[in-house]
Amino acid sequence: MTVRRLQLLGLALIGAVLAFGPRVARAAETQVAVAANFTEPAKEIAAAFKAATGHSAILSFGSSGQFYAQMARGAPYEVFLSADADRAKKAEQDGLGVAGTRFTYAVGRLVLYSKTPGLVDRDGAVLSRGKFNKLSIADPAAAPYGAAAIQTMQKLGVYNAIKPKIVTGGSITQAYQFVDTGAAELGFVAYSQVINAPGGSRWLVPAADHAPIDQQAILLYTGQNNAAAKAFMAFLKSPAAVAIIKKYGYEVR
């Protein structure tokens, strides 16, 4: 290879670095704590986010209560997608979250679900009939869907009768797994978990039967200087993300 050709090759390599180097340098990743009920839409949103921005959202799933306890002990999450408004607000008040970044990204719906066709009727009357052995809910102390389940049963006047039959999961994911594996004949789960599930039977609980499940996001102080974290928060409000959120049965305000 001649000296001239080597010089030209060197110039070409330098040009490539100048052209693509800044783009690579701008791409970053962010650690996102995601409420378990939002697992599937979060995965789709993360994929769309990467395609649109080049940034990566590294997702962790669990109960909002458990995440808050971890964040209070210094867990390195940078964005918190809570299943309720209370813990996002508490993160802001306790100095874990950046003031002014909190917003409702989705409004959840509760559903009474069974894999058995015909067991759950359209009005939830199966609860008053009591012809089942186990009913699963998420831990009401850690997951707002569990609290909403108890509020619903109390409003219907069946909670005291059903209480001995309740099995409690540490998260809404475990509450669903109890039903899916047959450990419980029916359970209160997130509508997003079963919206695409074939067969079975379900009752979509009226929103008026429990406190609103306002799911809020907040940028944590650990992510305030991370471009990917701030971009992910902005992307949650984009038409692409909103379309995904609605597809899974959530409402958006």
Side-chain angles (χ1 to χ4, degrees), residues 35-39 62-69 81-90 93 104-195 197 200-216 248-253:
N37 72 85
F38 204 66
T39 297
S63 75
S64 298
Q66 291 169 345
F67 275 135
Y68 189 85
L81 303 190
S82 178
D84 62 5
D86 291 343
R87 288 178 179 84
K89 185 181 297 183
K90 184 172 173 58
Q93 293 172 341
T104 299
Y105 65 91
V107 180
R109 295 298 304 273
L110 183 71
V111 65
L112 182 64
Y113 170 74
S114 174
K115 290 185 71 176
T116 304
L119 178 59
V120 178
D121 57 282
R122 294 183 178 180
D123 299 315
V126 62
L127 295 173
S128 59
R129 290 196 297 266
K131 293 183 178 180
F132 55 89
N133 294 315
K134 298 293 181 182
L135 178 145
S136 69
I137 67 170
D139 180 1
Y145 282 83
I150 290 179
Q151 292 166 5
T152 297
M153 289 185 282
Q154 289 173 332
K155 183 167 184 177
L156 295 175
V158 299
Y159 178 63
N160 290 334
I162 293 177
K163 190 174 181 180
K165 300 182 179 184
I166 293 176
V167 291
T168 303
S171 69
I172 197 67
T173 297
Q174 191 172 35
Y176 170 76
Q177 289 171 344
F178 285 150
V179 181
D180 189 50
T181 60
E185 294 103 309
L186 67 166
F188 281 103
V189 300
Y191 184 40
S192 60
Q193 292 174 298
V194 300
I195 190 170
S201 53
R202 65 202 70 192
W203 169 51
L204 184 60
V205 178
D209 283 1
H210 56 78
I213 306 176
D214 288 344
Q215 303 195 189
Q216 291 199 343
Y248 282 89
Y250 293 95
E251 297 175 359
V252 178
R253 291 177 180 167

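If you're wondering where the values come from, they're calculated on a predicted model, not measured in any experiment.
The distance from atom CD of Gln154 to atom CG of Asp209, rounded to the nearest 0.5 Å, is 12.0 Å.
Nearest approach of Ala142 to Ser63, heavy atoms of both residues: CB-OG, 3.8 Å. Of all the heavy atoms in Gly108 and Tyr250, the pair that sits closest is CA-CD2, 3.7 Å. Smallest separation of non-hydrogen atoms from Val120 and Ser114: CG2-CB, 3.7 Å. Closest of all the heavy-atom pairs between Gly62 and Phe67 is N-CE1, 3.2 Å. Between Ala143 and Ala138, the closest heavy-atom pair is CB-CB, 3.7 Å. For the pair Leu135 and Gly187, the tightest heavy-atom approach, listed with the atom from each and the gap, is CG-CA, 4.3 Å.
Partners of Lys134 by side chain to side chain donor-acceptor pair (under 3.5 Å), not counting sequence neighbours: none found. Qualifying ring pair (Phe, Tyr, Trp, His ring centres under 6.0 Å) partners for Tyr176, counting only residues two or more places apart in sequence or in other chains: none. Taking Thr173 as the reference, nothing meets the side chain to side chain donor-acceptor pair (under 3.5 Å) condition, with sequence neighbours excluded. Listed by chain and number, the residues in a side chain to side chain donor-acceptor pair (under 3.5 Å) with Asp214 are Arg253 (sequence neighbours excluded). For Thr116, the side chain to side chain donor-acceptor pair (under 3.5 Å) criterion is met by no residue, not counting sequence neighbours.
Donor-acceptor pairing under 3.5 Å is lacking for the side chains of Asp139 and Gln174. A donor-acceptor contact under 3.5 angstrom links the side chains of Gln216 and Thr104, judged on distance only.
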Review point. How far apart are the C-alpha atoms of Val179 and Leu186, what are their side-chain angles, what is the distance that settles it, and do they pass the side chain to side chain contact (heavy atoms under 4.5 Å, CB included) test?
Key: CA-CA 6 Å; Val179 181; Leu186 67 166; 5.6 Å; no

Exercise for review: I would like to know whether Leu119 and Glu185 meet side chain to side chain contact (heavy atoms under 4.5 Å, CB included); could you show each step before the answer?
Suggested key: CA-CA 9 Å; Leu119 178 59; Glu185 294 103 309; 4.0 Å; yes

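Two residues are said to be in side-chain contact when any heavy atoms from C-beta on lie closer than 4.5 Å; Arg202 and Leu112 fail this criterion. Using a 4.5 Å cut-off on side-chain heavy atoms (C-beta onward), Val205 and Arg109 make no contact. The side-chain heavy atoms of Ser64 and Ser82, taken from C-beta on, include a pair separated by under 4.5 Å. The shortest side-chain heavy-atom distance between Thr152 and Trp203 falls under the 4.5 Å cut-off. Counting heavy atoms from C-beta on, the side chains of Val189 and Tyr145 never come closer than 4.5 Å. In this structure, the side chains of Gln215 and Asn37 come closer than 4.5 Å at one or more pairs of heavy atoms. Proximity of Met153 to Leu156: side-chain heavy atoms (C-beta onward) are nowhere separated by under 4.5 Å. A 4.5 Å side-chain heavy-atom check between Tyr159 and Ile166 finds at least one atom pair inside the cut-off.
Annotation for Lys165: atom NZ counts as buried by contact number, over 12 foreign heavy atoms lying within 6.0 Å.
Between Tyr113 and Phe188, the gap from one ring centroid to the other reaches at least 6.0 Å. Aromatic pair Tyr191/Tyr248: centroids not less than 6.0 angstrom apart.
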Show me, pair by pair, the donor-acceptor contacts under 3.5 angstrom made by side chains of residues 122-132, not counting sequence neighbours?
| unit_1 | atom_1 | unit_2 | atom_2 | d |
| --- | --- | --- | --- | --- |
| Ser128 | OG | Ala125 | O | 2.8 |
| Arg129 | NH2 | Asp121 | OD1 | 3.4 |

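Proximity of a side-chain donor or acceptor of Lys115 to a complementary backbone N or O of Asp180 within less than 3.5 Å is detected.
A salt bridge links Asp84 and Arg87; the closest N-O separation between the charged side-chain nitrogens and carboxylate oxygens is under 4.0 Å.
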